Each structure stands twice: as structure tokens, then as C-alpha cells.
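Start at 1 and go down the list; that is how both ligands and their atoms are numbered. Note that the structure is a prediction, hence the values are computed from the model and not measured.
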Amino acid sequence: MKLWGGRFTKETDELVNRFNASITFDKRFFKQDILGSIAHVTMLEKQGILTCDEKDAIVTGLKGILDDIENGSLVIDETAEDIHSFVEGTLIERIGEPGKKLHTGRSRNDQVALDMRLYIRDEIIEVNDLVKDLMKVIHRIMKENITTYMPGFTHLQKAQPVTFAHHMGAYFEMFRRDRGRLRDIYDRMNYCPLGAGALAGTTYPLDRNDTATLLKFDGPTFNSMDSVSDRDYLIELLSAFSTIMMHMSRLCEEVIMWNSDEYHFVEMDDTYSTGSSIMPQKKNPDIAELIRGKTGRVYGALTAILTTMKGIPLAYNKDMQEDKELTFDAVDTVKGCLALCEGMLDTMKINPEKMEASAKQGFTNATDAADYLVNHGVAFRDAHGIIGQLVLTCIEKGISLDELPLEEYKKISPVFEEDIYDAISMETCVERRNTIGAPGPTAMKAVIAMNEEYLEET
Ligand code: ARG
């Protein structure tokens, strides 16, 4: 059923119908559309705009439609213009006259603004939970790897020793901030646009506070023109999603490197790897690569909506219908990637020996060797120069600092004694870094305990 047509003398072109229609994608929020309508008519009756019988007939009709769509006995007709037309048309078909009063004091502009917000609100909660599930796996890996030494990198050059717990802890922080962003967006968007009408409110005595409360919003929106044309919350959401994807993508990039033969720090489980059609030896980290790849797709959605919105005059314009497909695609992508990333990490095997061997090979303890000299009264700048020379000697000999004989140390500085070897061991290098946020076990355990509380509370 078309919701309009009275002032037209000709049928719209079939191509126009299809181009204009949104049912193929907005059918996704049939439930939100129906729940919004139930709240609307509940309020209309309280305000004396509908009789009790009319309201009851409409609510029963709408609940029947909801049940039937959910149990599969009512199939959404994709020749309808949009989900709003489909629900209203089906209601009128089923209950007759009272159904025609459903749209009193409402426009599809405030209706769609409401439906999308209700839908997004639910999705924010789901994405938030999925990020938390991923964090739980990271937390478990952290707890198990407090003394798994590995090289920390800057410029992808080995820098100083850290632990795998510490490295993964960096991602825990990123995802903690991501959840904070989702929470902020939720709080900022949780105002009800219903009652804004087409753009200028309505002449009926609607109680907008009532519908806002019925639909669990913090209150009604304050400007009816803004209410029907605000898509800021979607822009914020897609930005937060882009950041989540960026974080996952960085993690995946590292996992791909670590899983390579050159590193062999980790090994992807067979259940999260794929093979090659030609090279029998291959076991590829396709899942990590796909998550990294799909990041571009979510950025694309953000850019698309920013571009769509930038030239739209107030109030509603049909351009805004474009917000749906790209947001839905981003929601599906982020949710899928989060679940897969969690499974991939959870099944990943960690090779502590490889990590530690790699940390030992790259002079990651050179700063600690310099600190040894500083602790024996040498100025840091001089110490830096001395250790630089020792590193050069080691490179020439093809050995590491802990393999260099004490005579060689003493040749350059008499300050060195036997205890230099203990001072530059991986254990010492890591164990002495215990300021909060550092990889040392005392600091790490304190952070893990705080993370544990965070996961219990939020
Ligand atoms: N499908 C439309 C959208 O997504 C619903 C609102 C239609 N409003 C209108 N005035 N044509 O934006």
C-alpha cells in the first residue's frame, strides 16, 4: 500500500518506485518500527486523541504483525515502499478503520528517525558486549604471559624487552577506550525524536515526554527540525566503529607478522587458517587479513555519510535514506570481525621460546647496559657511547651482549664487573621496569588486577 497518491494523476514510473524504495534494507528494523508505533498510539489514547477501543485494536494488530513476521508466517512484501508503509498497510488490511488512525500526529520523518535510533541503540549494546568478549580473551592471554619475554619494537626495529602480557595489554587499553566511546555515543543519542512530525511538530496535543519514557529514552529532542535531520550520532558511531576496526587491524597486522616463518612468535590454529589451492605447504592467516581488509570498508561508510550530510539543507531530505545501507553494512562488518578476532586470538598458540630468543638477539638490553654504567657513576651520554661501541663489537663478532666476554667489556670501561650479565638478562631488564604501565611483573599484576575489576563491573 502506498501512503500517498491523492494529489497524483499518474502512476509513478516503475524504475522510480524501485529507486525510491528502501524496504529491501529498512525491513531490518520492523520490530523497532512496530514498538515505536505501539508507544505512539498508547500516548495518543492517553491524550484523548484515540479511543481506548481504537488503541486496543491497533496495539493487538501491531503485536500480531510482529509475531507473524518473527515466526515467519508473514513475509515482508518487498514491493512496498518502505517498512513503515508495509506495517501500516498490513495493519489496515487486518483491522480496518482503526488502523487508518495509526499515523495521526506523526510523519515518516520522525518515524524513521525514531526507528533508526532504536535500532542503533540495540546494536551499540551488542557491539559493546562483543568488544568486551574480545577483551576477556586478551585479559586471559595477559594473565598467562607475565613472564613471556619478547622484543618491544619502535620503527619495527627491536628496541627494549617487554612481555607478551604487556604487548597485549596495549590492545586492552585501546578496546577499553572504544567501549567508552560507544557509551558516550549512546548517552548523547538517547533522546526521542518522535513527535517532531515532518519538521514542525504537530497541532495534536502529543505528550512527547510520555513516548520518550515508554521507549526508554532520557527525554524528547528539543528542536523538531533538528530531530528529523540529525544524523550526527551515526557519524559518531561510524567514527567509533572505524577506530575499533583500526585497532583490530593493527592487532591483526601484528598477528600476521608473528605467525610468519620469520617470527614464529605465534601459530594460528587450523580452525582459523586457510590453505592454498596450489601450494600444499601453506597455512594462511586469511581471517586476520580479512579483518585488516574490511577496515577500509568501515572507513568508507564514515566518509560516505559525512559526504552525504555536508550539503543537505534543513530539514528532512531523501538523501538521508542513504544512511541505512552503509550503517547496516558497518554494523555487520564490525560485529563479524569482533567475533572472529576473539576466536582467532583465543585459539592462537603462543611460542614463548621464540619470543625470548628474538628479544635476546636484537640488543634490546642495550639501554639496560647503559643504565648499569650510570648506576656506577658514568654519565648517561658517555654510557650511551660506550655501549654503542660494545654493540658494534658484538655485531662484528655475530654475538649478543650477554655472550660478550668480560675482558671485552673491561677493554672499553673498567667499571664493568661480572654482575653486568645479570643486569642485562631479559628477566632483569623487564623486572626492573615497575612504574605503573610498565612491563615489570609488579606493575603488570597491578594493572591486570584493575582490568579484572573493570571486566567485572562494566
Ligand atoms: N525511507 C525513508 C528514509 O529512510 C523514510 C522517510 C521517508 N520520508 C519521506 N518524506 N519520504 O529516510
Side-chain angles (χ1 to χ4, degrees), residues 1-8 10-37 39-40 62 65 69 76-92 102-123 189 192-202 211 215 221 223-235 237-238 301 304-332:
M1 182 193 92
K2 236 183 198 159
L3 298 179
W4 43 273
R7 61 98 69 216
F8 287 76
K10 293 192 216 162
E11 277 299 314
T12 35
D13 186 276
E14 199 33 47
L15 264 184
V16 170
N17 279 341
R18 264 187 277 153
F19 188 66
N20 191 43
S22 52
I23 185 98
T24 51
F25 46 90
D26 65 19
K27 64 179 180 184
R28 185 186 279 241
F29 48 51
F30 68 88
K31 187 171 176 186
Q32 286 81 2
D33 191 77
I34 292 172
L35 295 179
S37 290
H40 181 62
L62 287 170
I65 294 173
I69 297 177
I76 295 174
D77 170 13
E78 296 204 359
T79 61
E81 183 181 338
D82 51 33
I83 190 65
H84 326 297
S85 320
F86 173 75
V87 171
E88 190 176 328
T90 310
L91 182 73
I92 294 169
L102 165 65
H103 210 52
T104 313
R106 188 174 72 170
S107 154
R108 274 183 300 167
N109 297 351
D110 60 343
Q111 189 177 358
V112 76
L114 171 70
D115 293 1
M116 191 69 173
R117 274 178 200 243
L118 289 173
Y119 169 80
I120 290 299
R121 234 173 38 171
D122 293 347
E123 293 294 352
M189 64 150 322
C192 186
L194 191 61
L199 78 162
T202 163
T211 37
L215 294 165
T221 51
N223 182 293
S224 58
M225 292 178 83
D226 178 54
S227 309
V228 293
S229 52
D230 164 34
R231 298 292 182 274
D232 291 5
Y233 69 101
L234 297 177
I235 292 171
L237 183 75
L238 292 172
I305 193 162
L306 280 167
T307 313
T308 297
M309 292 306 295
K310 84 179 179 62
I312 304 184
L314 291 179
Y316 178 84
N317 297 262
K318 196 63 176 255
D319 317 39
M320 290 174 185
Q321 180 166 288
E322 285 295 304
D323 65 356
K324 313 226 164 31
E325 279 166 294
L326 52 94
T327 304
F328 296 160
D329 184 69
V331 166
D332 294 344

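Side-chain contact check for Glu81 and Asn17: no donor-acceptor pair (N or O, by modelled atom type) lies under 3.5 Å.
In summary, Asp26 and Lys324 do not engage in a salt bridge, as defined by a charged side-chain N under 4.0 Å from a carboxylate O. Between Asp332 and Arg28 a salt bridge is recorded (basic side-chain N to carboxylate O distance below 4.0 Å).
Ring planes of Phe328 and Tyr119: perpendicular class, angle over 60° (limits at 30 and 60°).
In terms of modelled atom types and a separation under 3.5 Å, the side chain of Asn109 and the main chain of Ala198 share a donor-acceptor contact.
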Anything under 3.5 Å between an N or O on ligand 1 and a protein N or O? List each pair with its distance, or write none.
from: ligand 1; atom 1: 1 (N); to: Ser22; atom 2: OG; distance (Å): 3.0
from: ligand 1; atom 1: 1 (N); to: Gln321; atom 2: OE1; distance (Å): 2.7
from: ligand 1; atom 1: 4 (O); to: Lys324; atom 2: NZ; distance (Å): 2.7
from: ligand 1; atom 1: 8 (N); to: Asn109; atom 2: OD1; distance (Å): 2.9
from: ligand 1; atom 1: 10 (N); to: Asn109; atom 2: OD1; distance (Å): 3.0
from: ligand 1; atom 1: 12 (O); to: Tyr316; atom 2: OH; distance (Å): 2.4

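The shortest distance between side-chain heavy atoms of Arg18 and Thr79 does not fall below 4.5 Å.
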